[in-house]
S.K.: 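Would you mind keeping the following structure in view while I ask a few things?
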Amino acid sequence: AVGEDPPRLVRGDVWRSWLRYADERGGLGFPRVEEHRDRRGTVLQDFEHGTIYLREGRAIPTVADIADVPRRLGGQFGPLGYPTSTQRAVGDRLVQPFDGGEVWWSQATGAAAITQPFLQAYHDRGGADGSLGLPTEEVRRLGAGAMQKFEGGALYRPDADAVIRATTAGV
């Protein structure tokens with residue numbers, strides 16, 4: 001019919017990954033483009049609700065809300081880079097590691113990325129199970145520094161000394 005998108009081929013390792021994540025929180029959906037290489041030579045295929053990357057012989061999907069975060073931050077060429085493994089459950093939360101950080105998701109907070117140098121400071125303070133809890137937004141510029149908000153406080157890094165400081169609720 002007029003106006004319908006043509007069918008797109010999904011094959012090999014991408015196909016197997018696509019089948020595995022077909023029902024994962026709404027699934028990847030239909031392919032938006034054919035499998036292709038990006039400007040760095042990495043094979044990938046975009047779907048309605050995520051992307052599957054082929055890295056070192058492994059298919060690594062980003063799915064649903066977690067997939068939206070790297071897309072929002074510039075894709076694989078942004079601060080997160082490529083995913084390094086699939087998302088995994090941590091209790092009722094999900095986390096997916098990337099070259100440049102992690103994306104955390106929960107029903108209460110949605111999905112948000114933590115990138116370096118905030119990621120190391122976050123883990124030094126107990127990570128998702130520490131007093132900060134999960135991120136509620138990505139890092140942003142604030143005056144003469146950068147800040148990232150979490151459920152239980154914030155991390156702040158002034159440009160003057162680049163030392164990361166934490167504030168927590170009730171402290």
S.K.: Are Phe98 and Leu73 connected, step by step, through hydrophobic side chains (Ile, Leu, Val, Met, Phe, Trp, Tyr) whose heavy atoms are closer than 4.5 Å?
M.R.: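 Both belong to a single hydrophobic cluster.
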S.K.: Compare every heavy atom of Pro31 with every heavy atom of Trp18, then report the nearest pair and how far apart it is.
M.R.: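 So the two residues come closest at CZ2-CD, 4.1 Å.
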S.K.: Could you tell me which non-hydrogen atom of Ala146 sits nearest to which non-hydrogen atom of Arg141, and how far apart they are?
M.R.: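 For Ala146 versus Arg141, the nearest heavy atoms are N-NH1, 4.2 Å.
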S.K.: Using the ring of each side chain (for Trp, its six-membered ring), is Phe150 parallel, tilted or perpendicular to Tyr122, with breaks at 30° and 60°?
M.R.: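 Ring orientation of Phe150 relative to Tyr122: parallel.
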S.K.: Specify the closest pair of heavy atoms between Gly50 and Ala67, including all atoms of both residues, with the distance to one decimal.
M.R.: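 For Gly50 versus Ala67, the nearest heavy atoms are CA-CB, 3.6 Å.
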S.K.: So, the side chain of Gln96 versus the backbone of Ser85: is there a donor-acceptor pair under 3.5 Å, distance only?
M.R.: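 Side chain of Gln96 to backbone of Ser85: a pair is present.
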S.K.: Could you tell me whether the side chain of Gln45 and the main chain of Ile52 form a donor-acceptor pair under 3.5 Å?
M.R.: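 Answer holds: no.
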S.K.: Ignoring hydrogens, what is the shortest heavy-atom contact between Trp105 and Ala111? Give both atom names and the distance.
M.R.: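 Taking Trp105 first and Ala111 second, the nearest heavy atoms are CD1-N, 3.7 Å.
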S.K.: Can you tell me how far the NE2 atom of His49 sits from the CZ atom of Arg32, to the nearest 0.5 Å?
M.R.: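 Answer rounded to 0.5 Å: 10.0 Å.
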S.K.: To the nearest 0.5 Å, tell me how far Gln148 CD sits from Leu119 CG.
M.R.: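 Between Gln148 CD and Leu119 CG, I get 9.0 Å after rounding to 0.5 Å.
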S.K.: Roughly how far, to the nearest 0.5 Å, is the CG atom of Leu142 from the OH atom of Tyr156?
M.R.: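 So the OH of Tyr156 and the CG of Leu142 are separated by 6.0 Å.
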S.K.: Is a donor on one side and an acceptor on the other found under 3.5 Å between the side chain of Glu151 and the backbone of Leu134?
M.R.: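 Flag set: sc Glu151 to bb Leu134 pair under 3.5 Å.
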S.K.: Any idea which heavy atoms bring Glu35 and Val43 closest together, and the distance?
M.R.: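 That closest heavy-atom pairing would be CG-CG1, 3.4 Å.
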S.K.: Could you go through Glu138 and Val69, starting from their C-alpha distance and side-chain angles, then the distance that decides it, and tell me whether this counts as side chain to side chain contact (heavy atoms under 4.5 Å, CB included)?
M.R.: CA-CA 9 Å; Glu138 274 86 38; Val69 175; 3.5 Å; yes
S.K.: Taking C-beta and beyond as the side chain, do Arg55 and Thr84 meet within less than 4.5 Å on heavy atoms?
M.R.: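 Yes, at least one pair of side-chain atoms sits under 4.5 Å.
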S.K.: Taking Ile66's backbone N and O only, do any of them form a donor-acceptor pair with Trp104's side chain (distance below 3.5 Å, no angle check)?
M.R.: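 No; zero donor-acceptor contacts below 3.5 Å.
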S.K.: For residues Thr51 and Arg71, determine if any side-chain heavy atom of one lies less than 4.5 Å from a side-chain heavy atom of the other.
M.R.: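 Touching, per the 4.5 Å side-chain cut-off.
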S.K.: Would Leu19 and Phe47 show up in the same hydrophobic cluster when neighbours are defined by side-chain heavy atoms closer than 4.5 Å?
M.R.: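 Cluster IDs for Leu19 and Phe47 match.
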S.K.: So, the side chain of Arg88 versus the backbone of Thr86: is there a donor-acceptor pair under 3.5 Å, distance only?
M.R.: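 It does not hold such a pair.
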S.K.: Hydrophobic clustering (ILVMFWY, side-chain heavy atoms < 4.5 Å, transitive) - are Val95 and Val63 grouped together?
M.R.: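 Not linked; separate clusters.
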S.K.: Got a second to check how far Thr115's OG1 is from Gln120's CD, nearest 0.5 Å?
M.R.: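 Rounded to the nearest 0.5 Å, the OG1-CD separation comes out at 13.0 Å.
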S.K.: Atom CZ of residue position Phe77 - does it have more than 12 heavy atoms of other residues, nucleotides or ligands inside 6.0 Å?
M.R.: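 Yes - once you tally the heavy atoms of other residues, nucleotides and ligands closer than 6.0 Å, there are more than 12.
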S.K.: According to a hydrophobic-cluster definition based on side-chain heavy atoms being under 4.5 Å apart (Ile, Leu, Val, Met, Phe, Trp, Tyr only), do Val103 and Val90 belong together?
M.R.: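 In one cluster: no.
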S.K.: Examine distances only and state if a side-chain atom of Arg125 and a backbone atom of Leu155 form a donor-acceptor pair shorter than 3.5 Å.
M.R.: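 No, Arg125 side chain to Leu155 backbone: no donor-acceptor pair under 3.5 Å.
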S.K.: Which heavy-atom pair separates Asp46 from His36 by the least distance, and what is that distance?
M.R.: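 Nearest pair, atom of Asp46 first, then His36: OD2-CE1, 4.2 Å.
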S.K.: Is there a path of hydrophobic side-chain contacts, each under 4.5 Å between heavy atoms of I/L/V/M/F/W/Y residues, joining Leu54 to Tyr82?
M.R.: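 Unlinked, Tyr82 and Leu54 end up in two clusters.
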S.K.: Rounded to the nearest 0.5 Å, what separation is found between the CD1 atom of Ile164 and the CG atom of Asp124?
M.R.: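 Between atom CD1 of Ile164 and atom CG of Asp124 there are 9.0 Å.
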S.K.: Find the distance between CZ (Arg40) and CD (Gln76) and round it off to the nearest 0.5 Å.
M.R.: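 Arg40 atom CZ to Gln76 atom CD measures 7.5 Å (nearest 0.5 Å).
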S.K.: Hey, does Pro158 have a side-chain heavy atom less than 4.5 Å from the side chain of Arg165?
M.R.: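 Heavy-atom side-chain distance check passes, below 4.5 Å.
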S.K.: Does the Arg140 side chain pair with the main chain of Lys149, one donor and one acceptor, at a distance under 3.5 Å?
M.R.: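 Checked: no pair found.
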